Amino acid sequence: MERNREYCKVPEEELTAAEQELNEVEAQLLNLSDRKRQLLDRIGQLKDEILLKKNHLLTSRDWSSTDFPWSKKVKEVLNLVFKLNEFRPLQHETINAAMSNEDVILIMPTGGGKSLCYQLPALLKCGVALVVSPLVSLMEDQLMALKALDVPAAMLTATSTKEEVKSIQDAMLNKNGKLKLLYVTPEKLAKSKSFMTKVQKMYGLGRLSLIAIDEVHCCSQWGHDFRPDYKFLGILKGMFPDVPILGLTATSTSRITVDVQKMLCIQGCLVLRASFNRPNLYYEVRTKASSQEECLQAVEDLLKTRYCSQSGIIYTTSIKDCEQLMHGLRNRKLRVGCYHANLEAPLRSKVHAKWLSGEYQAVVATIAFGLGIDKPDVRFVIHYSLSKSMENFYQESGRAGRDNKRAECILMYRLSDVFRISSMVFTQQTGLQNLYRIVEYCLDASRCRRAIIASHFDEAWDSQDCNAMCDHCCKPKERKEMVVTSFCQALYKLISNAAAVDTKLTAQKLLDAWYGKGAANLRDISIPVPKFSRETGPKAAAAMSDKHNIIMHISGKSVPLLSSEESHKTERKIPLTSNNKSLAPYQKIETLNETMTKSVSLKTTRVPKVEVLDQRIASDDDIQVCGAEKRRSSWKRKVIVLDTDSDD
Ligand SMILES: Nc1ncnc2c1ncn2[C@@H]1O[C@H](COP(=O)(O)OP(=O)(O)OP(=O)(O)O)[C@@H](O)[C@H]1O
C-alpha cells in the first residue's frame, strides 16, 4: 500500500517537473522568437542602410567628368560614329557609369536620347551588349538607325529563321566577331533555354559587355505596362554579376523605380532622372461635347484652323473609336489615316509612312501607335478621350515637339469617358488608381498642368517653370472652393433611393435626378438642384466620387459606387455585360442570371462611406487645413474646385 502511494507520487512529481520545464522552454522560445524578430528587423534596416550608403556614394560621384580613362574615346565615337556634337542632359553621366560597370536606371522623357546611353558604351566595351526591348517594331527601328551608322547589330525574335539564329549565335561566341549589339525580346530570354545557354557561354568568354533593358518599368506591377516576361530578367544579375545592367524608361515614379530595382536585384544602384518638364509642350484640357457630331466638329476646327498644315496624332481609347473618328474626319475632307493593333502590319507601315511624308496631316490611333515613333515635327497630340494613366498620357503627349519647337497637347475630357475607361481597367491591379490620377489632372480647375505632371513624377516644381505653357497658367481662372458635404449627401441619398426601389441607375440618370430631371421615382424633392451649371455637374460628381474615395465601377451602363475599402471585395460581385470582352474571365465566376448581368442591384453595392467622411469634413477648421495643405493626406479630399462657370 505504502509502496503503491510512493509509486503514484513519482509520476506526479515528474509531471510537475516536466510542466515546469515546458514553461521554461516556452518562455525561452518566446524570448528567442522575439529576438529573431528583432534581428530580422535589424538585418532589414542594415541592408537598407548599406544600400542607401552605396546609393549616396554612387550619386555623389561626378559622372559628368571628362577625366575617365575612356573619356577621349567617348567623345570620338560620339562625333565620328553617331555624328553628334554634344551630349544631351544625363547621356554623358549614364555612359560613364555604364563604362564603370555600375548598374544604372535611367529615367528620361521620351525622345530624350536614351538609346545612345547603351549604344555608345556597347561600341567601346569588348564583346556584345544584350539589349532587351519589348517590341519587334522598336528593335527594327533601332537596327535601321544603327545600320545607317555602320554599327554591327542584330536582333533575335521568335520569328528568326534557323540560319539567322545560327549566324547570330556564332557571332556571339566568336572572339573576333564584329557584332556589338544584340536585341532580343524578354520572351526570347525567358522562353529559349538554348539561347540562354549561349549567353552564358558568351559571358564565360568575357564577351557579354552590358545588359540594357528598354522600357524597364514593364518589370513593375505598379507600372502602367507590366509585362510578365520582364519578371524573368530578375535572374540576370545573379547569373552575370559583374555585367552592368542599364534599365531605361521614360516614365517611372519613385515607387516603380524601387520596385524595378528589387525585381532586377540591383537595389541601391545609380538612378539618374532627367527632368520631366518639356518646356516646349503646351498642355490644355478641353471639355468634350456629349454628341459625336460636336466632338467631330471640334477636332475638325482644330485641324483646319489652329493646326492647319501641321502634323499630329489623335489618340482614341478603342479601335472602334479610332475607325469612327477617322471616317468622320475623312468625310469632312481631312487627310487622316488610322492605326491600331487590328490592322495588318503592312497597312500600319503604310499609314505610318504616309504620315511621315506629310500625305496625312494626322494619324488617328490607339496606343498601338507609340513606341518608336520618332517624327521630330509633331506639332499637336490630341487625346480624343483621356488616357488610362498619367504615365500613358505623358508618354503619348510626349511624342509632340521632339524637335524642341512649340507643340500642343490637348486632352478632350468628359465624364462618360471616365466610366468607359474604368470598365476597361478595373480588373488591372492598379488600373483604377492610375485612371484617377489622370482624372484629377483633367478636373483640377486651377493648378498648373505641368505642376501636376511634375508632382506625379516626384519632381520638384517652381511655379515660374511653366512659362504660361498650359491653359491654366496662360489664362488663370477665378478659383472657387466649395465644401462638398451637401453634394455628397445629395448623391448618396439619390443612390439609396434608387436602391430602395430596385432601379437601375446610370451616371446620366444620377445626374438627371440631381438636377431634378429624368424618371420621377429617382428624383427627390428634398434635394436642392445644384446651383452650378449642368456642364459642371458631372465634373463635381466625378471629383467627389474620386476625392471621397468612392470608386465608380462601370458594368455596362450601371454605376455602382463603392468605397475604396470595399471595392476590392465587391469587384467580383459586379455583374458583367456579355459584350464586355475584356472582363470575360470574371463572367465564369458569375452565377448571376441574365437580368442581373444587365443591371447592378444597388443593394449589393456599398456606399455609406460618404456619411463617415462627411462627418469628418463638417468642421470649417478641417476645410481650411486641407485647403492650405492639399497633399497632406486623404483629408486633402475635402474641397473641390469648380470651374468658373458655376454660378454659385
Ligand atoms: N546628343 C544628341 N544630340 C542630338 N540628337 C540626339 C542626341 N541623342 C539622341 N539624339 C536623337 O534624339 C532622338 C531620340 O533619341 P532616342 O530614340 O534614343 O530617344 P528615346 O529617349 O529612346 O525616346 P523613346 O522613349 O521615345 O524611345 C533620335 O533621333 C536621336 O538620334
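Just so you know, these numbers come straight off a predicted model, no measurement behind them. Both ligands and their constituent atoms are indexed starting at 1 by order of listing.
- For ligand 1, the atoms closer than 4.0 angstrom to any heavy atom of Gln91 are 1 (N), 2 (C), 7 (C), 8 (N), 9 (C).
- Of the listed options Lys83, Gln119, Lys375, Arg88, Arg88 places a heavy atom closest to atom 6 (C) of ligand 1.
- The contact set between ligand 1 and Glu86, taken as ligand atoms under 4.0 Å from a residue heavy atom, comprises 1 (N), 2 (C), 3 (N).
- Every residue was checked against the side chain to side chain donor-acceptor pair (under 3.5 Å) condition with Arg61, not counting sequence neighbours, and none meets it.
- No heavy atom of Gln395 sits closer than 4.0 Å to any atom of ligand 1.
- Put simply, no part of Met108 is less than 4.0 Å from ligand 1, judged by heavy atoms.
- Contacts of Thr157 classified as side chain to side chain donor-acceptor pair (under 3.5 Å), with partners at least two apart in sequence or in another chain: Thr159.
- Between Phe369 and Trp355, the ring planes lie perpendicular to each other; the angle is over 60°, past the 30° to 60° tilted range.
- Geometric assessment of Arg379 against the ring of Tyr307 yields a negative cation-pi assignment under the 6.0 Å and 45° thresholds.
- Distances below 4.0 Å separate heavy atoms of Ser115 from the following atoms of ligand 1: 16 (P), 17 (O), 18 (O), 22 (O).
- The distance between the ring centers of Tyr283 and His472 does not fall below 6.0 angstrom.
- Considering only heavy atoms from C-beta on, Leu329 stays 4.5 Å or farther from Gln361 through its side chain.
- Contacts between Arg402 and ligand 1 below 4.0 angstrom, taking non-hydrogen atoms only, involve the side chain exclusively.
- Every atom of ligand 1 with a heavy atom of Gly113 under 4.0 Å away is listed here by number and element: 9 (C), 15 (O), 16 (P), 18 (O), 19 (O), 20 (P), 21 (O).
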